[in-house]
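Below: the structure, in structure tokens.
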Amino acid sequence: MATDSWALAVDEQEAAAESLSTLQLKEEKAKPDANGDNLVDTTNQVEVLQRDPNSPLYSVKSFEELHLKPQLLQGVYAMGFNRPSKIQENALPMMLAEPPQNLIAQSQSGTGKTAAFVLAMLSRVEPGNKYPQCLCLSPTYELALQTGKVIEQMGKFYPELKLAYAVRGNKLERGQKISEQIVIGTPGTVLDWCSKLKFIDPKKIKVFVLDEADVMIATQGHQDQSIRIQRMLPRDCQMLLFSATFEDSVWKFAQKVVPDPNIIKLKREEETLDTIKQYYVLCNSRDEKFRALCNIYGAITIAQAMVFCHTRKTAGWLAAELSKEGHQVALLSGEMMVEQRAAVIERFREGKEKVLVTTNVCARGIDVEQVSVVINFDLPVDKDGNPDNETYLHRIGRTGRFGKRGLAINMVDSKHSMNILNRIQEHFSKKINRLDTDDLDEIEKITN
DNA sequence: AAAAAAT
């Protein structure tokens, strides 16, 4: 990777667990090293690499400094945002710069990525033009709905602005173009709308956002569809890639497919979320895991909990068994009808359901503030049976949002799964302690 | 293995 022409700047932050809203940044000027490159002090948390050395490198401390359109600033404040989060301080000036620049950004779960790219889309959209100009891709139906809500809320002071949901089940009449200026959707439907069905003219897209970008461009993820969509976009389309995780090979691929990107990157050792306490429970079988879960059901329903299973089948089984024991739970997996999925996630958001049994469909992005416990009923593994560190981080990131405390409990039921857990510990250099599910004091202490 | 499609 050529870094010659890059300017670098750095944020210093000692206390990673400190609440984001109270963070005080210490700006540091880029320091040339022996080669004349601008280099980073390795003790720092965030690396910012700006492609164009001529454009001044800066971060903002307030939304006013961004000179947003009044109706957008109004939308930002109406959502209750007072000042930019850490990622927003650095990413917003880059995303709003003229001419538009591409960005690949990595930032922890719950640090305000969504609001950042929504703001970027809204600042570029021209509501008077009745055709899609901004396109955002999400990996799942539920996340597309959630992000769509943020777009609608933040854009509600634009009287003419409309949002289209390109998701399963949203069937439109053939042979017409859509007039909505912003489109949020999942890869399959968006691809259909752009190619076969021609509801969208991809050549008119000005801003393209990939949320959970690593899984969107990973070979094992949505790569084919996302890249096919990307290739239909105009050359000067601004591309914004966001995720909490970028595994090495995916990171390289991202830089290959995104021309001249600015980069905001979190340092590896700062990845694990210090606000989340992690434990494991030792069992001998799936049934023992089930009984252990029954034991702690009372403690985890003080707030809300998400229980992750490896397969849809296990999730369905577990939800049914818990119900039989008299424990109320909701089930969400990709085999369900989209209408049902929308209803379940809505009930969970409203707090009408305390426990959601689910698959990796909910591993990423889903933001329900009252979730204080994440349970890995099955540890996350990839198709080869190796630990899936990225998914682990995303799953436990469903709790501890915006600096709140959280609890993650991993259920181990064999030598094999103990081995998986050990490798996850090693990857994050983070000790995961054993928890006795008969001793509820510890759990209640943290969930309170 | 899950998710993503008007296949």
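- Contact annotation for A:Arg341: backbone-only contact, meaning every heavy-atom pair under 4.0 Å involves sugar-phosphate atoms and none involves a base.
- Listed for the A:Ser417 side chain is a donor-acceptor partner under 3.5 Å among the backbone atoms of A:Ser414.
- Here A:Leu197 lies in heavy-atom contact (under 4.0 Å) with a base.
- Contacts of A:Phe199 with the nucleic acid, taken as non-hydrogen atoms under 4.0 Å apart, include base atoms.
- Checked against side-chain contact (heavy atoms from CB on, under 4.5 Å), A:Gln176 has the following partners two or more places apart in sequence or in another chain: A:Glu173.
- First and last contacts of DNA chain B with chain A, using any nucleotide atom under 4.0 Å from a protein heavy atom and ordered 5' to 3', fall at B:dA1 to B:dA6.
- If you check every strand for non-hydrogen atoms under 4.0 Å, A:Arg168 touches sugar and phosphate atoms only.
- Applying the side chain to side chain donor-acceptor pair (under 3.5 Å) test to A:Arg341 and every residue at least two apart in sequence or in another chain returns A:Glu142.
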Applying side chain to side chain donor-acceptor pair (under 3.5 Å), run through A:Thr245 and A:Glu247 and close with a yes or a no.
CA-CA 6 Å; A:Thr245 55; A:Glu247 182 254 324; over 6 Å; no
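- Ring planes of A:Phe199 and A:Trp193: perpendicular class, angle over 60° (limits at 30 and 60°).
- Taking the centre and axis of the six-membered ring of A:Phe242, the NZ or CZ atom of A:Lys113 falls outside the cone set by 45° and 6.0 Å.
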